[in-house]
Amino acid sequence: MASPASSVAPQVLVAANRGPLSYALDADGTLSARRGGGGLVSGLSAALAAQPEALWICAALSDADREAVRRGVSEPGVRMLDIDPAVYDDAYNGIANSVLWFTHHHLYDVPREPVFDAEFRRRWDSYTAYNRAFAEALAEEAAEGACVLVQDYHLALVPGQLRELRPDLRIAHFTHTPWGSHEFLGMLPDDIRSDLVWGMLGADLLGFHTELWAVSFVSGAHADDERGIAEPSIPRNSGPGVHHRRMTETGWYGERRFTPVNAYPLGVDGDDLRALAHRPEVDDKLAALRAEVGDRKTIVRVDRTELSKNILRGLLAYRELLTAHPEWRGRVVHLASAYPSRQDLKVYRDYTESVRELAEEINAEFGTDDWQPVLVSVQDDFARSLAAYRLADVALINPVRDGMNLVAKEIPVVSEAGCALVLSTGAGAYAELRADALTVNPYDVTATAEALHEALTMPADELAERTKRLAAAATALPPAAWFEAQLEALRG
Ligand code: G6P
């Protein structure tokens, strides 16, 4: 990737809240860098390996990151924005993770939430300012006519803001989450929803992981049109996308434009992933895990401790498996990596605690002197996760709603003995993997327990065949091709 200091302005830029690395500040003042969690960073980092001139603009996420910016420490091809910490906190925790994430994943506890009051409006202003900081940095860095690929719900307003600053640029926006149904989007105050959708429609191309999320966006925009709130989308027969022109109190604003809305289902790079999973560091972790697990079967899951990942119902299903099928007691181990995420939010801290407690309950109920039924790891340990992938006999991926879920694609590629995939209908990956997965309703704990049993007893030849087809589907659109496909559509 290009150095931000390079004299040649970049032709390809990406903008994402999270950068490829974030920093930690040791007691002695030393900065150390580590890779961030989640699918966006792994997909985008892999994609940009093939784009040596690209510039990645991201936010400083912590005091350590801000210190790195001040000391001028950075990776080549990365520019970190030092945004006022209070504004950043409002935008990231207050709006992106507490409102937009909850809206797109349908996570509200509706009798109590959401509440759109004066405090919300104040945070929304911060969200707008934080988006503007990105739009301004992109406008400043981009070469004439450059392609800018803006990522995710944190930066939904950037396309509209950037178009006003630099109409010469080609702008794409990609959403890594689902797009909320109109029922949930409809909870947002009308003017806020209009700003959000209008911000996105500032792009020349909108991308989602699945057709379902793309259709959800387009039909939501149409529904708003019918209610006379936002952007008219007439006519509707020119391919997937939205025709629009903004209506303000004083009439129509700007030219009528068409924004195509397409699905680009991000996959994994099989060769890269297998190479990563066979580094000596991972071999060591694998040996340690093998010593703990013995010759028992393994059910593996790896997630951020994220409400939408449905970790609690996954544990309940495992408990029901051990109750309904006692023959598995002592013969299976559930390896659950649930590494910390968004711990500034109380609801996430409480959730993490509930995951720990439930795992302890299961261990207390069924464990014996020589068998611990659940091994929970709450550390962000990528090498251990890869070792668990290699050891997996069964992968449990049961989100209530998830943009894609790359873990569902990674495990079949890496597992050594072949692995049966228990996959919920809520994962974006369901669209591509359903034929060879054992699919479950994420709320149905009993059905999930039965699917785990079926997975554990799958005949070896069927397991091998299914794993092969899952791995082929998982690697159909690796990150570099995923990125290139969007660039081509943007340039085309
Ligand atoms: C999801 C989002 C990403 C985000 C990741 C990790 O995959 O789509 O944008 O980076 O979660 O979440 P965090 O809040 O730690 O960046």
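Every number for a ligand or one of its atoms is a count from 1 in the order of the listing. What's counted below: heavy atoms across the whole structure, side chains too, no hydrogens, waters or symmetry copies. For the single chain, residues carry numbers from 1 onward in sequence order. Just so it is clear, the model here is predicted, and its values are computed rather than measured.
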Would a distance-only check, ignoring hydrogens and angles, find a side-chain to backbone donor-acceptor pair under 3.5 Å from Asn262 to Gly207? no

Tell me whether the rings of His104 and Trp179 are parallel (<30°), tilted (30 to 60°) or perpendicular (>60°). tilted

Students often mix this up, so state it plainly: with edges at 30° and 60°, are the rings of His176 and His209 parallel, tilted or perpendicular? perpendicular

Should Arg349 and Glu353 be marked as a salt bridge (Lys or Arg N to Asp or Glu O under 4.0 Å) after you check the CA-CA gap, both sets of side-chain angles, and the distance that decides it? CA-CA 6 Å; Arg349 294 196 298 275; Glu353 199 41 45; over 6 Å; no

More than 12 foreign heavy atoms under 6.0 Å from CD of Glu211: is that the case here? no

Please tabulate, line by line, the atom pairs linking an N/O of ligand 1 to a protein N/O at a distance below 3.5 Å, with the distance in Å to 0.1, or answer 'none'.
residue  : atom   : partner : partner atom : Å
ligand 1 : 8 (O)  : Asp152  : OD2          : 2.6
ligand 1 : 9 (O)  : Asp152  : OD2          : 2.5
ligand 1 : 11 (O) : Arg304  : NH2          : 3.3
ligand 1 : 11 (O) : Arg342  : NH2          : 3.2
ligand 1 : 12 (O) : Arg342  : NH2          : 3.0
ligand 1 : 14 (O) : Tyr92   : OH           : 2.5
ligand 1 : 14 (O) : Arg342  : NE           : 2.9
ligand 1 : 14 (O) : Arg342  : NH2          : 3.4
ligand 1 : 15 (O) : Arg18   : NE           : 3.4
ligand 1 : 15 (O) : Arg18   : NH2          : 2.9
ligand 1 : 16 (O) : Arg18   : NE           : 2.7

Parallel, tilted or perpendicular: which describes the rings of Tyr88 and Tyr92, with under 30° parallel and over 60° perpendicular? parallel

